[in-house]
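All figures in this text were calculated on a predicted structure; none of them were measured in a lab. We're numbering straight along the sequence, starting at 1.
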Amino acid sequence: MAGRHAPGAGSGTEIDAPGDAAADIHTHTLRSDGVLEPPELLRQAYAAGIRLFAIADHDNLAAYRELTAPGADPLPEGLDLVPAVEINAVTRDLDLDLPEGELHVLGIGVDPSDDAFEAAIAAQRGARRLRFTATVVRLRDIGVPVDAHLPEGVMESDDALGRPTLARALVAAGHAESVEDAFRRILGHGLPGYVPRTGMGPVEAIRAIRAAGGLASIAH
């Protein structure tokens with residue numbers, strides 16, 4: 001069974017809806033750690049039969065805003081697009097036995113125009129950028145550099161940077177056989193390429209989601 005860091009959809013094949021599902025509220029684009037641009041992910045989801053759809057990029061509503069911006073292509077007929085986000089909440093100071101000290105929280109139906117919520121997730125993206133940069137340096141230091149294999153402009157973008165992007169770079173550089181292999185040997189908790197996360201805790205994340213009009217749910 002592939003783990004949650006497996007490349008999955010978008011790695012060269014069309015996506016498939018799970019069974020006869022007509023809804024998917026947990027997907028990612030290149031605005032976080034997915035592998036497709038928002039319009040292409042939406043196109044593939046619709047073609048697979050999805051009619052209730054949420055892009056829940058990590059700490060980022062950019063994909064939703066792009067797809068609903070003035071002048072954007074109209075959404076496919078019969079498709080409901082819901083604004084959503086996934087927040088990787090840090091639990092290390094709590095008495096919770098969770099992998100890597102994180103609880104991933106989905107925020108479904110948040111208000112994309114809520115300035116306070118955008119400030120909260122922008123701070124999360126800033127923490128992600130610091131971690132991402134520190135991990136790039138760590139990978140150089142342990143002899144598995146990936147600088148030349150990172151997506152062009154990634155370090156200057158406002159995307160929510162994450163380890164799956166680094167894992168794919170490790171594969172491209174020949175340092176790992178697959179994304180799962182990169183996590184299993186290099187990037188996972190306690191391994192040579194691991195850098196701890198900082199950011200909101202789960203209570204703070206849930207409060208921010210609810211204050212923005214959303215419903216909070218456990219993602220992982």
Side-chain angles (χ1 to χ4, degrees), residues 7-10 15 17 22-48 50-89 104-133 150-165 168 197 199-200 204-220:
I15 64 173
D24 193 337
I25 60 171
H26 188 176
T27 67
H28 299 303
T29 75
L30 281 168
R31 301 298 165 263
S32 61
D33 54 22
V35 294
L36 295 175
E37 291 287 349
E40 177 60 15
L41 180 63
L42 185 144
R43 184 195 70 77
Q44 290 197 22
Y46 188 78
I50 300 300
R51 295 299 179 265
L52 178 64
F53 189 54
I55 294 173
D57 276 324
H58 294 275
D59 306 314
N60 204 337
L61 286 162
Y64 177 85
R65 294 191 181 108
E66 177 181 338
L67 292 170
T68 59
D73 291 339
L75 296 177
E77 183 178 357
L79 178 75
D80 288 326
L81 181 65
V82 179
V85 69
E86 181 176 359
I87 297 175
N88 294 43
H104 294 202
V105 183
L106 283 179
I108 307 298
V110 293
D111 181 357
S113 66
D114 188 296
D115 290 338
F117 187 70
E118 177 55 35
I121 60 176
Q124 288 281 106
R125 293 197 300 275
R128 280 178 165 274
R129 180 167 304 283
L130 292 175
R131 185 193 194 199
F132 191 93
T133 302
L150 294 172
E152 183 177 358
V154 69
M155 302 299 285
E156 293 76 39
S157 74
D158 191 39
D159 294 342
L161 304 178
R163 287 179 297 164
T165 298
R168 290 191 287 269
R197 184 186 302 280
M200 283 192 275
E204 187 179 2
I206 292 168
R207 285 175 175 165
I209 290 167
R210 294 185 66 180
L215 298 175
S217 174
I218 303 303
H220 300 293

Trace of the side-chain contact (heavy atoms from CB on, under 4.5 Å) decision for His26 with Leu106: CA-CA 8 Å; His26 188 176; Leu106 283 179; 4.1 Å; yes
Suppose we screen for salt bridge (Lys or Arg N to Asp or Glu O under 4.0 Å). Which residues come up paired with [X], at least two apart in sequence or across chains?
| X | answer |
| --- | --- |
| Arg131 | none |
| Asp57 | none |
| Arg31 | Glu37, Glu66 |

Note, [X] side chain near [Y] side chain (heavy atom, < 4.5 Å):
| X | Y | result |
| --- | --- | --- |
| Val105 | Asn88 | no |
| Tyr64 | Val82 | no |
| Ile50 | Asp24 | yes |
| Tyr46 | Arg51 | yes |
| Leu81 | Phe53 | yes |
| Arg168 | Val35 | yes |
| Leu61 | Ile121 | yes |
| Met200 | Ile87 | yes |

May I have the list of side-chain donor-acceptor pairs in residues 107-115 shorter than 3.5 Å, sequence neighbours left out?
unit_1: Asp111; atom_1: OD1; unit_2: Ser113; atom_2: N; d: 2.9
unit_1: Asp111; atom_1: OD1; unit_2: Ser113; atom_2: OG; d: 2.7
unit_1: Asp111; atom_1: OD2; unit_2: Ser113; atom_2: OG; d: 3.3
unit_1: Asp114; atom_1: OD1; unit_2: Ala116; atom_2: N; d: 3.1
unit_1: Asp114; atom_1: OD1; unit_2: Phe117; atom_2: N; d: 2.8

Taking side chain to side chain contact (heavy atoms under 4.5 Å, CB included) as the definition, give me every residue that meets it alongside Ala122, ordered by chain and number, with sequence neighbours left out.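 Glu118, Arg125.
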Contacts of Leu130 that satisfy side chain to side chain contact (heavy atoms under 4.5 Å, CB included) - sequence neighbours left out: none
Side chain to side chain donor-acceptor pair (under 3.5 Å) involving Asn60 - partner list, sequence neighbours excluded: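 None.
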Residues, nucleotides or ligands: over 12 heavy atoms within 6.0 Å of Leu150 CG: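 Atom CG in Leu150 is crowded, with more than 12 foreign heavy atoms closer than 6.0 Å.
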Test side-chain contact (heavy atoms from CB on, under 4.5 Å) on Arg129 and Ser157; report intermediate values, then the result. CA-CA 10 Å; Arg129 180 167 304 283; Ser157 74; 4.2 Å; yes
Qualifying side-chain hydrogen bond (donor to acceptor under 3.5 Å, both in side chains) pairs with a residue from residues 72-82, counting only residues at least two apart or across chains: none
Any sub-3.5 Å donor-acceptor pair from His104's side-chain atoms to Ala89's backbone N or O? no
Find the distance between CG (Leu67) and CZ (Arg65) and round it off to the nearest 0.5 Å.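 Leu67 atom CG to Arg65 atom CZ measures 12.0 Å (nearest 0.5 Å).
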Contacts table for residues 204-216: side-chain donor-acceptor under 3.5 angstrom, sequence neighbours left out:
none

Specify the closest pair of heavy atoms between Ala160 and Arg128, including all atoms of both residues, with the distance to one decimal.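 Closest pair (atom of Ala160, atom of Arg128, distance): CB-CD, 3.8 Å.
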No-hydrogen, no-angle side-chain donor-acceptor test under 3.5 Å, Gln124 and His58: no
